[in-house]
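Data first, discussion second: the structure below is written as structure tokens.
We count residues from 1, following the sequence as given. Remember, it's 1-based here, ligands and their atoms both numbered in the order they're listed. Reckoned from all heavy atoms, side chains included, excluding hydrogens, waters and symmetry mates.
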Amino acid sequence: MSIGQSVPVLILKEGSTRSRGREAQHNNIMAARIIAESVKSSLGPKGMDKMLVDSLGDVTITSDGRTILDEIDVEHPAAKMMVEVAKTQDDEVGDGTTTSVIVAGELLSKAEELINKNVHPTVIIDGYRKAADRALEVLEKIAIPVDPTDKEALKKVAMTSMASKIVSENREQLADIVVDAVLYVARKVGEEYRVDLDDIMVEKKPGESVTGTKLIKGIVLDKEVVHSGMPKRVENAKIALLNCPLEVEKTEFDAKINIDSPEAMEAFLKEEENMLRSMAGKIAATGANVLICQKGIDDMVQHFLAREKILTVRRAKKSDMEKLAKATGGRIVTNLDDLKSEDLGYAALVEERKIGDDKMVFIEGCKDPHSVAILIRGGTERIVDEAERSVHDALCVVRDVVREPKILAGGGAPEIEVARELREYAESLPGREQLAVQIFAEAIEVVPVTLAENAGLDPIDILSELRATHEKGQTWAGVDVFEGKVNDMLKLEVYEPLAVKKQVIKSATEAATMILKIDDVIAAGKAKMPKTPPGGPGGYGGGFA
Ligand SMILES: Nc1ncnc2c1ncn2[C@@H]1O[C@H](COP(=O)(O)OP(=O)(O)O)[C@@H](O)[C@H]1O
Ligand SMILES: [Mg+2]
């Protein structure tokens, strides 16, 4: 008996499910497409917003691709891979999340058509890889170099990224703030600029309106001064940064002290008071006039600090302490006895200000000028949250351009151009790979098609007009969603970073090829029945018959 001929036996744990071959592929592709479908309608300035309700009933309103996918709970492994695409896109470049998911979904959907015509997935995968490489070359070729410190160009990039957001009305003002913030923290290294977005602190406080959003050249702490007797404004601040509680330590074991006379009681209390007083005294002795403490501070110590006229903040966040150390040039000290005047940081002004109903502490004119904060305001918590997400996207795209100073015009124009070049390129390839490159070209056109659909336009008419216009050499013809026609996106100043579009190609191709490569899904049994992803069927192998 030959082993090779025997019936394959696979022993799986009870409750495991397995699906193979075409069935597995079909299920995976279906699940991935459902995810892409779920974000499609939010693409572009005319896209719709989504209202997401989590298991606790908290509501988020957003059109941000990553946020949508973060909030929805998907169980299918292929659907999870699509969520990963959005994450990768966001982590790498900060924008283009919806686009990358839609393109990945379309690449899969077109691939399935070929698989159904008996083209092997490996051939499609090879073709897709070739097409992606070519697409990246095309994008590089048509990209327009800009000066990385050109405020006007950067502002347009920021404004494009916010065009599709709820805060789009305020995008001009927000864009100015974002561009200033990024240029403020940018450092020139050789010929290039480096930007660390961690240098930009983003704080939010509901109240007023989005127009109240401000750039602060320094740091903002969402804390108030601990004691009413303390100064609320200190110029030429010498700042002590402490990471230890200013309290009398409690003993670890229950200790018992026998006090047998009123004098002994008084002496005991006096001793405690002296210890607390000396804490304030030690800080004052270093010459500090501001204290930021990461831990708690005893009422008595607060009282003595107030007497010493030291503006004090307690329970500061660890991340804020680190920023403060960097910005003021101070050192975070963990043992009060080690605090010396050399450890103090410097800022021109520390001041408590009333923001809405709350108080916040502003630290301005720091030693290191490379630290800024954006204080986001907005009518309600939801607006503030969405404003924060939009500012995040805008900070990312401006950083992208400062780092790699090349832009493209959007509105689907680069996608049409890439598709056109890919169709030419396909001619040079052998039969089946040619097909794969051709469907890649069709898939990438999903971007202008979706923009048109979301603007209520006829996608077929728009697509054929776009193709024809590009044939005539108009590289930047795209979907003008406001006028409802084909228009020159460069003239409309819809600027996007080259880095974002390149990453879309990379993340979408990677996800699609990864999913296409799978032909066997073995899933361990779960305590509960596998759920179907939102919006339709597509559970684990064989989940929908
Ligand atoms: N004024 C505009 N006209 C047409 N398209 C635009 C305009 N502004 C932005 N876009 C396009 O919208 C798309 C981005 O939409 P968005 O909802 O931000 O999704 P993503 O999460 O992919 O960034 C890009 O293709 C961009 O070119
Ligand atoms: Mg965007």
### Task
Decide yes or no on salt bridge (Lys or Arg N to Asp or Glu O under 4.0 Å) for D320 and K223, but give the supporting numbers first.
CA-CA 11 Å; D320 288 352; K223 296 280 167 196; over 6 Å; no
### Query
Does the side chain to side chain contact (heavy atoms under 4.5 Å, CB included) test come out yes or no for K506 and L136, once each step is laid out?
CA-CA 8 Å; K506 288 185 217 161; L136 294 176; 4.2 Å; yes
Output the list of atoms in ligand 1 that are nearer than 4.0 Å to some heavy atom of [X], sorted by atom number.
X: S42; result: 17 (O)
X: V481; result: 3 (N), 4 (C)
X: G411; result: 4 (C), 5 (N), 26 (C), 27 (O)
X: V479; result: 3 (N), 4 (C)
X: G44; result: 12 (O), 15 (O), 16 (P), 17 (O)

### Task
Answer yes or no for D95: is there an N/O/S atom below the 2.8 Å cut-off from the Mg ion (ligand 2)?
yes
Heavy atoms only: which of [options] is nearest to [atom]?
atom: atom 13 (C) of ligand 1; options: V397, L451, T160, V101; value: L451
atom: atom 23 (O) of ligand 1; options: V93, T99, D95, N454; value: D95
atom: atom 14 (C) of ligand 1; options: L43, V504, T98, N487; value: L43

### Task
Would you check, one step at a time, whether the test side chain to side chain contact (heavy atoms under 4.5 Å, CB included) holds for E106 with K40?
CA-CA 11 Å; E106 199 65 18; K40 234 178 180 177; 4.2 Å; yes
### Query
Is R423 salt-bridged to E445, cutoff N-O under 4.0 Å?
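Yes, charged N to carboxylate O under 4.0 Å.
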### Query
Between V178, I200, I177, which is the residue that forms a side chain to side chain contact (heavy atoms under 4.5 Å, CB included) with V391?
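Of the listed options, the one satisfying the test is V178.
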### Query
Would you call K130 and E433 a side-chain contact if the rule is heavy atoms closer than 4.5 Å?
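Yes - at least one pair of side-chain heavy atoms lies under 4.5 Å apart.
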[X] to ligand 1: N or O pair under 3.5 Å?
X: F482; result: no
X: D480; result: no
X: G410; result: no

### Test log, rule salt bridge (Lys or Arg N to Asp or Glu O under 4.0 Å), inputs E471 and R467
CA-CA 6 Å; E471 280 304 330; R467 282 179 179 166; over 6 Å; no
### Query
With a 4.0 Å cut-off on heavy atoms, is K501 touching ligand 1?
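The answer is yes: ligand 1 sits under 4.0 Å from a heavy atom of K501.
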### Task
Could you go through the side chain to side chain contact (heavy atoms under 4.5 Å, CB included) check for V202 and L375 one step at a time?
CA-CA 6 Å; V202 181; L375 177 58; over 6 Å; no
### Message
Applying a heavy-atom cut-off of 4.0 Å, say which part of S100 lies close to ligand 1: side chain, backbone, both or neither.
### Response
neither
### Query
Counting only heavy atoms, which portion of V494 has something under 4.0 Å from ligand 1: side chain, backbone, both, or neither?
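Contact part for V494 vs ligand 1: side chain (C-beta onward).
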#### Entry: Test item: side-chain donor near acceptor, S507 and Q89, under 3.5 Å
yes
### Side-chain donor/acceptor of R377 to backbone N/O of K205, under 3.5 Å
yes
